Amino acid sequence: MQLYDMTLHELSDMLAKRKISSKELTLSVLDRIDVTESRLNSFITIDRQGALKQAESVDFKRSKGENLSVLAGIPIGLKDNICTKGLRTTCASKMLENYVPPYSATAAQKLSECDAVIIGKLNMDEFAMGSSTENSFFGVTKNPFDVTKVAGGSSGGCAAAVSSGEVIAALGSDTGGSVRQPASFCGAVGLKPTYGTVSRYGLVAFASSLDQIGPICKCVRDCAIMLSHIVGHDKHDPTSLNRGYPTFSADTISSLDGLRIGLPTDLYEKCTDPDVLARFEDAVRILEKHGACVKHISIEGIRFALPAYYVISSAEASSNLARFDGVRYGFRADGISGINELYTKTRSQGFGDECKRRILLGTFVLSEGYRDKYYKKAVTASRLLVHSVKQQFENVDLIATPTCAETAFDIGKKVSDPVQMYHSDIFTVLANLTGMPAISVPCGLDKDGLPVGIQLMANSFGEQTLFDAASVIEACVGRIMRRCENDRI
Amino acid sequence: MIIDVQKTAKLSKLTIPQEKAEYFEKCMQDIAQMLQVLSEVGEYHCDGDSRRVEMREDEVCTCEISRDEIMRSAPSSFKGTFCVPKTVE
């Protein structure tokens, strides 16, 4: 197996035992990028020089006998809405095409302090608005399993890069499923942590009450390692929770005796793809075989989840994106004669269609005469869902659904039909609305060889329970990898 | 529910070009249709905040980023200030 296809924990072990150097590993990944990137378009910015310099620094520290982090020397990618000081951060938008932040996000800074090697910035849907990475100013990211299919979104670049070996692990952001859905489409593991556990400082805001940075990795254990290194209170983020966190683990456990799994049948019956349903049910049976008890549940108000999500997220987005006006940073339109023209022309030329749609929707639902009808109802629905899900967690430990109702779809199929695209999030938005953690782990392939993911959701701060159950599924299903003997990329 | 796209665009400081107006109107109507189910949401009373945010201490923080670093990103600047077209019309 090539170095770029190995997991983070395997490579960390090899680095610690000096079987390989970080420079060797980084070169392996960069060579892989040279082979695959023209076909995948996972990256917006590749920092070869910076990455090799970091790798050499790690090797030097290791040669001096310094005690290094488990992440030291590991090539990692960051979604391009996570600020990196001195390294372009575009949010996949013309609006920030040449923006170089003067500071790093706390999560990025934590990885750097652990001596992780930042390979570059990964492609995404513009300002994290989308479910396919087709809304990027820098072009579509393709799925490594089939380059005619989408990689998912909005963290599609992260998922494609991890799955193809262009990075060993990545950090994405999840507002309505943007880590979990692309992970599911690309055969990776993706986690959205409990809201407030990972600092949002330096994450370009989309919907501030829903956004969370989360890892996309090759296996559950890697996700646990990444999460352990990015959680924690941050004074720069007022929504960051001030509490202690354990070191998360994903040791394969033999028994899930006593674990109660809830299946919200009125939700997952919306899954119309028979292959997805079949793989999901196989995964549920794996959990049952290991001692978990499965029961059908009904979540009151679940039919409001998707519309409530789109109202709340769009409302917050319309406010958060108001800062992009051509004054302090980013793109400014030419030929401006007055201040209003500056704002309007800059924003009209700088944003793509999906961004504009979300801003329009957000402005509309907050406007006079419609705020009560839409925004207030959406917030009420959200609170109802928090209450009803918390009630369910008095009787179950995890809620299981497919991550998506389908596998990766054809590029271009849904990009012109926003409502059809929005339905990609039907299973994932609940975790964001409630602030609870959720993980997507591969549970098999469909008849066309495309990955299927199962989503497990836990009560707040239940990440370890997610890792325990996900590890069991992964141990039985095995790592989903591209068919290397017939590598389509 | 008919969404006045041009009026909403003006509020959003956006313009929708004529050739895309019909497409945007259709998209917005489809989205509004999807949101109709929210009219069924009844009054819901809950005890306290469902998702409580911890308030930080009300203390003044110093900015760790220098003015020069911030100004470097500005499209147009002059002696530490942002330059914009005239604001009085």
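In the text below, chain A, chain B and the rest are named by the order of the sequence lines, each starting its count at 1. Computed from a predicted structure; not experimentally measured.
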For this session: Would you mind telling me which of A:Ile359, A:Val327, A:Thr380, A:Leu321 has the largest number of heavy-atom pairs within less than 4.5 Å of chain B?
Result: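 Highest number of pairs under 4.5 Å: A:Val327.
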Problem set entry | Contact winner vs chain B - A:Ile336, A:Val311, A:Asp353, heavy-atom pairs under 4.5 Å |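 Highest number of heavy-atom pairs under 4.5 Å: A:Asp353.
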Exercise. How are the rings of A:Tyr374 and A:Phe364 set relative to one another: parallel (under 30°), tilted (30 to 60°) or perpendicular (over 60°)?
Worked result: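 Answer is tilted, since the angle falls between 30° and 60°.
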Identify which part of [X] has an atom lying under 4.5 Å from any heavy atom of chain B, answering side chain, backbone, both or neither.
X: A:Phe304; result: both
X: A:Asp325; result: neither
X: A:Leu342; result: side chain
X: A:Ser416; result: both
X: A:Ser318; result: neither

Exercise. Backbone N or O of A:His233 within a donor-acceptor pair of the A:Asn242 side chain at under 3.5 Å?
Worked result: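 It does not hold such a pair.
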Exercise. Judged by atom type as modelled, is there a donor-acceptor pair below 3.5 Å linking the side chain of B:Glu69 to the main-chain atoms of B:Ile65?
Worked result: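 Here the side-chain-to-backbone pair does not exist.
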Could you list the donor-acceptor pairs under 3.5 angstrom formed between side-chain atoms of residues 96-106 of chain A and any protein atom two or more places apart in sequence or on another chain?
from: A:Ser104; atom 1: OG; to: A:Lys85; atom 2: N; distance (Å): 2.8
from: A:Thr106; atom 1: OG1; to: A:Asp234; atom 2: OD2; distance (Å): 2.6

Please classify the contact of [X] with chain A as side chain, backbone, both or neither, using a heavy-atom distance under 4.5 Å.
X: B:Ser12; value: both
X: B:Met28; value: side chain
X: B:Lys26; value: neither

Exercise. Looking just at side-chain N and O atoms, do A:Thr344 and B:Thr15 make a donor-acceptor pair shorter than 3.5 Å?
Worked result: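 Not at all, the side chains of A:Thr344 and B:Thr15 share no donor-acceptor pair under 3.5 Å.
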For this session: May I ask you to check whether over 12 heavy atoms, not counting those of B:Glu40, lie within 6.0 Å of atom CD?
Result: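 Atom CD in B:Glu40 is packed in, count exceeds 12.
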For this session: Side-chain contact test, heavy atoms from C-beta onward, threshold under 4.5 Å: evaluate it for A:Asn320 versus A:Ser208 and give yes or no.
Result: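 Answer yes - side chains close enough.
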Exercise. So which of B:Lys20, B:Met71, B:Arg72 has the largest heavy-atom pair count under 4.5 angstrom toward chain A?
Worked result: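 Of the candidates given, the most pairs with chain A belong to B:Lys20.
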For this session: Would you mind telling me which of B:Ile31, B:Ile70, B:Asp30, B:Leu11 has the largest number of heavy-atom pairs within less than 4.5 Å of chain A?
Result: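 Counting heavy-atom pairs under 4.5 Å, the top option is B:Ile31.
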Sequence neighbours left out, cut at 3.5 Å: what donor-acceptor pairs do the side chains of residues 74-84 of chain B make with other protein atoms?
from: B:Thr81; atom 1: OG1; to: B:Phe78; atom 2: O; distance (Å): 2.6

